[in-house]
Number of protein chains: 2
Amino acid sequence: MSENLPKYLRVKQKIKDAIKDGTIVDKLPGERVLAKEFNVAYMTIRKALNELQEEGILHKTTTRGTFVSHRKMSPKTTNNIGFFLDSGIRQGISSPYYSLVFKALEKTVKKAGFNLLLFSDSEDMNPLKKQKKIDGVIVCCFPRLEKQIQEIKKFLPIVLLDNIASDKSIPSVTINNFNACSESVAYLISLGHKRIGFISGLLDSDVCNDRLNGYLDALYQHRIPEDDSLIFKGDYSYESGEKAAKYFLAMPGGAPTAIMCANDSMAIGAMKVIQENKLNIPADISVVGFDDIEVSARIFPALTTSAAPIEEIATEAVNMLFSSIKGTIIEYKHVILPAKLVIRESASRVKN
Amino acid sequence: MSENLPKYLRVKQKIKDAIKDGTIVDKLPGERVLAKEFNVAYMTIRKALNELQEEGILHKTTTRGTFVSHRKMSPKTTNNIGFFLDSGIRQGISSPYYSLVFKALEKTVKKAGFNLLLFSDSEDMNPLKKQKKIDGVIVCCFPRLEKQIQEIKKFLPIVLLDNIASDKSIPSVTINNFNACSESVAYLISLGHKRIGFISGLLDSDVCNDRLNGYLDALYQHRIPEDDSLIFKGDYSYESGEKAAKYFLAMPGGAPTAIMCANDSMAIGAMKVIQENKLNIPADISVVGFDDIEVSARIFPALTTSAAPIEEIATEAVNMLFSSIKGTIIEYKHVILPAKLVIRESASRVKN
DNA sequence: CACTCTTATTGCTATATAGCAATTTCTGCC
DNA sequence: GGCAGAAATTGCTATATAGCAATAAGAGTG
């Protein structure tokens, strides 16, 4: 339980808590006394107190002591919220999915009188460090930035989107990728499909692995043997969807009768290749996507896909972030929302 | 000489000076080395360095070292730029076109050490008024907000995108919609098309009217009589593209052999309907779009469309805004960039 | 030449301690 | 009670030192 947090930060939190629950009201004991009380070195307690002073929670006067700053609204809030999007994410903020997320976040945040700031054009999270212009940040990134998240978390309220950090103390909002994918594949199976291809994303995140595992789970549930040659490793791009389709169409044993795609972009790419080969969707091959991006309903044939409840995701994430900003402890809170299968025209009963 | 200043402050000043006169350029020696050099304790030099870091003069990275932060920003700036997107614009920031613009703007702005703030979720520009959090704003809106722009302009640097205000003193960056559309239609004519339908956007902005006029101009240039029944008033949405296609396909005189669309979304909507009617694109009907949104190259068949030079637009707009922020007068400057016709698969020679 | 293992460097945390200057509090005297 | 002087308290500066985690650089190794 003794977290890996530096001591002074833990002390700092304890003092914050003590102020909140009224244990400390006005004047704090002297630094030397506090050090004894918390059983840390003098310089350690000083570091904690100094940071609290920086934050405007305490104020100190030499020879008089340290006091709680009783100001209602801390004038420190910038009323800005940051949105950090991993630069490794395809197309960045112009990605059809994340632009929807961004839009929903802005809407939610605006309701509370806040503005939304975008951080998507950097390799790391350094721009967030020492950032005095935001009160908190919603982060969408790959596990590779996890260490940086830990750091940011120390001084900036943070909520994760889509991926869950292995440090489970950071609050997060995700969708149930496993269930959604499993459901989609089960749907295909219910249409009589047995040879079902899967186009995965980059397998470097929970999101991707969950979707793959959902696919595998559905096969397992219906006693369809797993076949590695039916799994194509994509990278979420249209191109990889095209590549995957070419691969499937060229399979010696014949193409699968259905293809499950880990996102809509790859589904669209795959559909293009299938159609270019004069095959009919869904009559010859069924295609199912994931994300329900705007265009999916508009192409021919309209794509059957899983829709994430983006508005809900945004609402949850923003609420959690605001709680965190207000100081309410919401560590360890993880919201998992269900995605919903939207049945359109791109999947149908298998030809016999 | 031994001033009464604390040692760490004197050290701090010395470091500042060293940076100013070029003795220190980029990387500083390690903290332990510096301590020796200045003949103070390790913790003392650390205190000096930390304060300099707080002030944004230095930045430190564990295992890499301490570095001078090279940027000379006037301290008055917030280093934030706003992007106002008229809430009347379809899909807002998740619109495939504007999300590309936004992405390009962020990239450009980041290079200058600025952040980008989104204002898209409001009916008017009130959120911009009294806004102390941005140094300038790039605005994308319909003429209906022109009066508000005048007001904002009084206290905030502003650059218009896409639309030109009738008050020509406000700097703007646009593309040559007239030429681009004229060129596209000329291209269709060169493929032998004579009955060319046009799906317009909402005719309440210059952008739209220019595109329509470009279409008409090409017809005129090639002595093809104008036919009002071939002009369908859309609203930039997929749905209106679908409606338009249904309208064209049901025309008593037969459908046009080609359709020019004022944007890609309507083109995609139209294509869907055409394909649902078992017609072939481009063999039966050619379709040309406008914008070159991401998905246009990925659908089947890949859409022939006009691409706006989005990176250039962003660069121009941001540069102009920065000039304006710095006080350089750039009123009356209007940059008009050419769009480029991207020929793909959705248009071909007319059937005879 | 590529790869692995080791070593060195770096900033960060933490502890212990000492003296300073300013102020408050206590003490004793009248 | 009033007041001067001593003592205690307070936060601040400064030093010295030790170990940590992460990374970069170097040294071997195949």
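Model, not experiment: these values are computed from the prediction. First the proteins, then the strands, lettered A, B, ... as listed; each starts at 1.
- Scanning for side chain to side chain donor-acceptor pair (under 3.5 Å) contacts around B/T63 gives an empty result, with sequence neighbours left out.
- Using a 3.5 Å distance cut-off with no hydrogens or angles, the side chains of A/S120 and B/E106 do pair a donor with an acceptor.
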- request: Produce a footprint string for nucleotides 11-18 of chain D: one letter per nucleotide, 5' end first; B if the base is under 4.0 Å from any protein heavy atom, S if only the sugar-phosphate is, - if neither.
  value: BBBBBBB-
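- Applying side-chain contact (heavy atoms from CB on, under 4.5 Å) to B/I81 and the options B/L117, B/L321, B/I134 leaves one that passes, B/L321.
- A centroid separation of 6.0 Å or more is found between the aromatic rings of A/F198 and A/F232.
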For residues 15-25 of chain B, run the donor-acceptor check on the side chains, cut-off 3.5 Å, and write out each pair with its distance to 0.1 Å, sequence neighbours left out.
unit_1	atom_1	unit_2	atom_2	d
B/D17	OD1	B/Q13	NE2	3.0
B/D21	OD1	B/T23	N	3.0
B/D21	OD1	B/T23	OG1	2.4

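- Atom-to-atom, NZ of A/K36 to C1' of D/dT9 comes out at 14 Å; the value is rounded to the nearest Å.
- Atom pair A/L58:CG and D/dT10:C1' shows a separation of 15 Å (rounding to whole Å applied).
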